Amino acid sequence: MRKTLAAAAFAGALVVTAGTAGPVAAVGEGPGYGGNETVNTSILHTYDELVAELKTQDARQERLDLEVIGQSVKGRDLYLAKYISNPDNPTILYLTQQHGNEQLTTEGALEFIKHLGTGKNQGVLDGVNILVVPMLNPDGAMGDVDFPLEDYIASGGRHLTRYNANEVDLNRDHVAKVEPETRALHDNVMRKYGIDYMIDLHHQGAQSERDGQLVSGSILHPTTPNVDPSVLEGSKKLGAVVFDAIDPTGWGHLGKYVGGSAETISRNGIAVEYGISTLLFEMRGMSDHYREDYVLGQKSNGYLIKQTVTTLEATARAIADGSIADADTSFWDTLAEQNTRSE
Ligand SMILES: [Zn+2]
């Protein structure tokens, strides 16, 4: 039913706006979604395709170890891809898709893993241990959940949702750790490896702007008062490396995320519980949602996947060569909080 309506709206929009619609205003902003563009999930990796690709890379890459850290509510294996060259090296964890409908971060993480298998990245692996947990919420990503998704917007054979199969937001479960996905992360990753840094990768709504221009994403360090000052400083340096790698590009424009101090959120809770310097990175627009101002058409996929890959490669390199120690954190004092564009 929705597909029929969307198709009708699409045809109508072409008639009404032909000849009057200008090009998208700014480089890198990408098209939004106004009901007149396809949001199609079929081009994203399914869970099974993701696992197959991880196994292919594991077979190809000598330095990659693939580990199952637990199972989702619906019994899907949860994977950790790890590159541990030297236990004495600093270690960074990249976490994607706690929220199942935020998948371009996983697509980018998969690209990053492929790149780590190429010759030019071997030097990086000598200086940093890298852990990647891609798609922590595969049930939500596959729409295999115990609640209805019929009002979700995307077409393409499956819907993707924020919540796990029990309709729980995993990124509010980092204190209680009730859900199997959160428990697997804490028991078999957070407590098992001496992790120094973590970037938690998400997607936000599509209509956030900074200085009047739609953002490609937003970042934030821990904001709980309980975080150790040196841990917070590490988070700010991690953010500086990301900002310097993304914001000057033609397609990158970052705002400061507006977030609370609750320790149920990984950015806060993991920083306090383990003394890990965490950074939240929110990419623009979601792969699926029931809200039209949250989803983004796939014409933006290219630069958003690139934004993830660039972020992961820049931070891994800065930790490996030690240059993160010199990162200039002063931009945090002037970086404006993003606001939501009003129609
Ligand atoms: Zn999220």
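We count residues from 1, following the sequence as given. Because the structure is predicted, anything quoted here is derived from the model rather than measured. Note that ligands are numbered from 1 as they come in the structure, with each ligand's atoms numbered from 1 the same way.
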Quiz prompt | Metal-centred angle, the Zn ion (ligand 1) as apex - OE1 of Glu102, ND1 of His202, 10° resolution | solution =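 About 100°, to the nearest ten degrees.
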
Quiz item: Are Thr46 and Asp48 linked by a side-chain donor-acceptor pair shorter than 3.5 Å?
Solution: no

Quiz prompt | Ser208 and Thr340: side chain donor to acceptor below 3.5 Å | solution = no

Practice problem: Could you check which N/O/S atom of His99 is closest to the Zn ion (ligand 1)? | Solution: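 The atom in question is ND1.
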
Practice problem: Walk me through it: do Glu233 and Lys236 pass the test salt bridge (Lys or Arg N to Asp or Glu O under 4.0 Å)? | Solution: CA-CA 5 Å; Glu233 183 64 13; Lys236 289 185 171 181; 5.6 Å; no

Exercise. Answer yes or no as to whether an N/O/S atom of His203 is found below 2.8 Å from the Zn ion (ligand 1).
Key: no

Practice problem: State which residue, out of Thr105, Thr315, Asp200, Leu254, fulfils the side chain to side chain contact (heavy atoms under 4.5 Å, CB included) condition with Phe281. | Solution: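 Exactly one option meets the side chain to side chain contact (heavy atoms under 4.5 Å, CB included) with Phe281, and it is Leu254.
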
